[in-house]
Each structure stands twice: as structure tokens, then as C-alpha cells.
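Structure incoming, see below.
Counting from 1, the numbers follow the sequence of the chain as shown.
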Amino acid sequence: MSLKNAAPLPLILLFLAVSLQPVSARAGWGETLKQAGDAGSQAMGLSVGPSRIEAAFRELLGMGTDAAVESLSADGGFSALAATALSLPESYRKIAETVAPNLLASLNSAAEAAVPGVGELFKKAIATMEFSNPGSLLSGSKTAVTEYFDANARDSLTRGAAPLLEAALNQAGGGSILSAIKQLGSLTGTPFDPVDYLTRKTLDSMFLYIGKTEEGIRSGDITTTSELLQRVF
């Protein structure tokens, strides 16, 4: 190899230093690799650089969002899994059978109707997400990328999703729903904010499906993926 085409010495030393470390000690190399950039990564002989890894993360999160929207927006979508099923406060349940027998069904209808709009919020957040240490996330847990996204986007997603859930709740019969909840609250002494509950439950459910998608891609159980995802994961 000529000197003209040789990798810069600092990059060679970086590559050797990382390569000689045990796997458990490599989690922190991602930030250094990101600073080296795609050209530096290529010079070190790596097949993918930071920008490609981040692109794969965005694609993975987008796939998970699509899966969540498809599942949760379907009729009975939230009830399909125990982890996503909606429920009323325990003190409400018996009384609700008489006072508001359709209350839980109305909450489900509102959540299902709001999911596509929430999915759009997720897509926008994914497009602008900054991954501070992509190498660490790549070598992290089976849901490391999902957890990072949740930790960094949850607050803004909550602010954006709450009005969507409130609008869907009103469309599903907001006046009668709120009246029933107020009556149940008076009878049981248990306060219940349906908008707050539906917002939290919808986001939790979205992230659950995204995490399942990440697990499937990492394990190879999800085989219909792009060349980029196959290369990165």
C-alpha cells in the first residue's frame, strides 16, 4: 500500500486500540468513532460508519412505528396484548358495569383512532433524533435503540400526543365519557384523568412494539429487512 493511500496513523492506532480491547470494554468506542466520521471509519477498514449506523437506527425505529400503528389502530388493537390492554382504576370496575358499561370501549375507540396521528409524531421525532453514541447503542442491549429513543423523545411526544388523544376522546363521546368518569370519581373517591392515562398508555404501547421490532431485527427473527439493516445488525 502506498503512503498516498495509507490510513492516517492516528486512525490506525485507534482501530488497533479498539480491536485489542475485550468486547465488554468496547461500549464506549462509539463516540470516538463518530468523531472520526465515515471517512475515518472507512480508513480503519470498517464496513459501516456512524452516519450509516444512524440511518439504520432511524429505519429500525420507523419499521417499529409502522408495526405499532398497524396493530394498535386496528379494531381491538390495544386489547390484543395483555401489556397494551386498557383498563379502568380497580375501584371503578365493578361500579362501571352499572354506571358506565360502555366506558372502557369508548376509551379503546379513542386510543385506536388517535394512533395514526401519534405515529406521525413518532416519525417526525425519529427524523430529527440525535444519537450521541451510535457505537454503544449498536453493541448494547436487545432494545438499546428503542430505550434511547424513549428516554430522549418521551417528553416531546407526550406534549404532542395529548391533544390528539383529547380530540379522539371528544370524537368518541367526550361529554358522556367525562360525565361518567366524574360520577365514578365521586362514588369511589378515586380521581382519573382519561387524557393523561390514554396518552401514557398509547406511548407505552407504541414503544413496546418498536422494542419488539428491534429485538426481531437483532436476533434475525425479522428477516424481511433492507440491505442496510442486514449490514449493520
Side-chain angles (χ1 to χ4, degrees), residues 51 53-87 104-134 137 140-174 177-178 181 192-218 222 225-226 228-229 232-233:
S51 68
I53 294 173
E54 292 189 14
F57 289 169
R58 295 185 204 283
E59 185 175 342
L60 177 158
L61 294 172
M63 283 182 61
T65 297
D66 289 340
V69 170
E70 181 179 1
S71 297
L72 295 171
S73 64
D75 186 22
F78 280 83
S79 302
L81 299 176
T84 62
L86 305 182
S87 63
L104 188 56
S106 297
L107 294 179
N108 272 282
S109 295
E112 291 162 8
V115 163
V118 174
E120 290 302 314
L121 294 178
F122 270 67
K123 289 293 188 71
K124 291 177 182 178
I126 291 166
T128 58
M129 175 61 54
E130 291 286 339
F131 299 96
S132 61
N133 196 334
L137 294 176
S141 73
K142 58 187 179 181
T143 57
V145 179
T146 303
E147 291 170 23
Y148 180 91
F149 180 41
D150 189 346
N152 287 274
R154 169 78 67 151
D155 289 347
S156 62
L157 287 171
T158 298
R159 291 191 295 270
L164 299 180
L165 269 302
E166 184 174 14
L169 194 63
N170 288 330
Q171 188 69 27
I177 292 172
L178 294 177
I181 289 174
F192 177 62
D193 183 339
V195 174
D196 178 69
Y197 171 70
L198 289 180
T199 300
R200 286 187 289 105
K201 193 68 177 181
T202 299
L203 294 188
D204 288 345
S205 300
M206 293 285 294
F207 281 116
L208 177 69
Y209 274 96
I210 294 172
K212 286 180 176 294
T213 299
E214 181 178 356
E215 288 184 47
I217 290 173
R218 285 182 181 270
I222 296 178
T225 60
S226 68
L228 174 61
L229 288 177
V232 171
F233 290 98

Legend entry - Side-chain heavy-atom pair Phe131, Ile53 within 4.5 angstrom cut-off: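 The answer is no; the side chains never approach within 4.5 Å.
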Legend entry - Note: Glu120-Lys124 ion pair, threshold 4.0 Å (strictly below):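 Judged by the 4.0 Å cut-off on N to carboxylate O distance, Glu120 and Lys124 do not form a salt bridge.
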Legend entry - Glu214 versus Thr143, side-chain donor and acceptor atoms under 3.5 Å: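 No, no side-chain donor-acceptor pair sits under 3.5 Å.
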Legend entry - Side-chain donor/acceptor of Ser71 to backbone N/O of Gly77, under 3.5 Å: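 No; zero donor-acceptor contacts below 3.5 Å.
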Inset, instruction - State whether the side chain of Thr202 and the backbone N or O of Thr199 hold a donor-acceptor pair below 3.5 Å, judged by distance alone. - result: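 Judged by distance alone, no pair lies under 3.5 Å.
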Inset, instruction - Taking Ser156 for its side chain and Ala153 for its backbone only, find out whether a donor-acceptor pair lies under 3.5 Å. - result: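 Confirmed, Ser156 side chain pairs with Ala153 backbone.
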Inset, instruction - Taking all heavy atoms of Ala161 and all of Val118, pick out the closest pair and write down the distance. - result: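 Between these two residues, the closest heavy atoms are CB-CG2, 4.1 Å.
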Legend entry - Donor-acceptor pair, side chain of Arg200 and main chain of Thr158, under 3.5 angstrom: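 No, Arg200 side chain to Thr158 backbone: no donor-acceptor pair under 3.5 Å.
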Inset, instruction - Decide if the gap between the ring center of Phe207 and the ring center of Phe122 is smaller than 6.0 angstrom. - result: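 Close enough - the centres of the two rings lie under 6.0 Å apart.
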Inset, instruction - Please name the pair of heavy atoms, one in Ala111 and one in Leu86, separated by the smallest distance, quoted to 0.1 Å. - result: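 What the structure gives for the nearest pair is CB-CD1, 4.1 Å.
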Inset, instruction - Without swapping roles, check the side chain of Asn152 against the backbone of Tyr148 for a donor-acceptor pair under 3.5 Å. - result: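 Looks like yes, one N/O pair under 3.5 Å.
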Inset, instruction - Quick one: closest heavy-atom pair of Ile126 and Gly62, and the distance? - result: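 Shortest heavy-atom contact: CD1-N, 3.8 Å.
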Inset, instruction - Please check if the side chain of Glu112 supplies one atom and the backbone of Gly76 the other of a donor-acceptor pair under 3.5 Å. - result: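 A pair under 3.5 Å: yes.
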Inset, instruction - Identify the heavy atoms of Phe233 and Ala56 that sit nearest to each other, and give their distance. - result: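 Smallest heavy-atom distance, with atoms named: CE1-CB, 4.2 Å.
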Legend entry - Which atom of Gly119 lies closest to which atom of Met206, heavy atoms considered: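 Nearest pair, atom of Gly119 first, then Met206: CA-CE, 4.0 Å.
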Legend entry - Check ion pair Asp155-Arg159 (N to O, under 4.0 angstrom):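 Arg159 and Asp155: not salt-bridged.
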Inset, instruction - Check whether the ring centres of Phe57 and Phe149 lie less than 6.0 Å apart, and answer yes or no. - result: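 No, the ring of Phe57 stays outside the 6.0 Å limit from the ring of Phe149, centre to centre.
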